[in-house]
Amino acid sequence: MTIADTGRVVLRDSSTVDLYPTRFPANEPARGGWIDRSDPTVWGVPGHGPVEAAELARHERDGYTVDDALLTAAEVREHRAELERLSADPALAQDERVIREPGSNAVRSIFEVHRISEAVSELARRPQIVDRARQLLGSEVYIHQSRVNFMPGFEGNGFYWHSDFETWHAEDGLPRPRAVSLSIALTDNYPHNGALMVIAGSQRHFLPCAGETPDENYRSSLVRQRAGVPAAADIGELAERYGIEQFTGAAGSALWFDSNIMHGSGSNITPYPRSNIFLVFNSCENMPQAPFAASQPRPTYIAARQPQENSH
Ligand code: 6CS
Ligand code: FE
């Protein structure tokens, strides 16, 4: 409940401030329009991790950086086999962490995959990966969310434009955009098979979204997001101002992207799947509070509420 609205920052209660208010009632315009980010994109410094100064500066400016060869060809094969095993595992068939494509029932995503799969758990603990997350976030980190997206051929539905942080703030209670996602390509990403599109620089603006969060929104939002969807005019303004880029990396390459960068992907009607492993690192200085715009926090398989040892 908000007890005061200063237009730019909302006092939620006597102890917490909402720096990024969003999901106003649909009949109210998103008060005050865009909010310029009061937080850095890169929190760490050169010399405190594997990323050189020039690349850190690029991440600060663009909100993303690419690692062309994170996995070897053998590791890609190993993880592809693992995904096939998971998607066919009868023990997971009815698991709530398995999200299916509407209509075809094909597996769309598997959440908490770093706790289900030992191979993914190893990635989530690999020093080369964790040290980069620590440097980007300038602190100790933990996995806020992990998932594998299958984006199957012919019937892979895309993800409309969105800011992950808008959801992680509104529904999971992350106070600040001090989180970074790592998307590891397990198949070649082409312009035509649903490769991720980003608006470089958009992470510097928080776009409040109209429309309150329905109860248990996650039961539908992981298939098709309705709450927390930015207005088309806002997307148009961002695209005009910054341009749209597409991540068309080969299998084994990876994209590090800021929690608040505007991104999305088209559907995949080609025969070629676009599968990726998705690890979200949150700063231990940015622990989830009560949701800023939802009645209940989401389940922990979607949004961890505290650092967990990867189970295996
Ligand atoms: O709601 C979420 O947390 C997820 N949804 C999308 C479209 N991207 C981020 C995240 O995996
Ligand atoms: Fe996303």
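When a ligand or atom number is given, it counts from 1 through the structure's own listing order.
With sequence neighbours excluded, no residue satisfies ring pair (Phe, Tyr, Trp, His ring centres under 6.0 Å) with H48.
Within the 4.5 Å cutoff, no side-chain heavy atoms of I110 are placed close to those of R147.
With waters neither drawn nor counted, the protein N/O/S atoms under 2.8 Å from the Fe ion (ligand 2) amount to 3.
Shown are N268, N157, T187; of these, the side-chain contact (heavy atoms from CB on, under 4.5 Å) with M151 is made only by N268.
Atom CZ of R132 and atom CZ of F281 lie 11.5 Å apart (nearest 0.5 Å).
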Please produce the table of protein N or O atoms sitting under 3.5 Å from N or O atoms belonging to ligand 1, one pair a line, distance to 0.1 Å.
from	atom 1	to	atom 2	distance (Å)
ligand 1	1 (O)	R298	NH1	3.0
ligand 1	3 (O)	Q145	NE2	2.9
ligand 1	3 (O)	W168	NE1	2.8
ligand 1	3 (O)	R298	NH2	2.9
ligand 1	8 (N)	H162	NE2	3.2
ligand 1	8 (N)	D164	OD1	3.0
ligand 1	11 (O)	Q145	OE1	2.7
ligand 1	11 (O)	R147	NH1	2.5

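Here E55 does not pair with R61 in a salt bridge; the nearest charged N to carboxylate O distance is not below 4.0 Å.
Annotation: ring-ring contact (aromatic ring centres under 6.0 Å, His included) contacts involving residues 55-74, sequence neighbours excluded, are absent.
Between the H162 side chain and the Y160 main chain, a donor and an acceptor come within less than 3.5 Å of each other. Although no hydrogens or angles enter the test, the distance criterion places a donor-acceptor pair under 3.5 Å between the side chain of N286 and the main chain of R176. At distances below 3.5 Å, at least one donor-acceptor pair connects side-chain atoms of H263 with backbone N or O atoms of I261.
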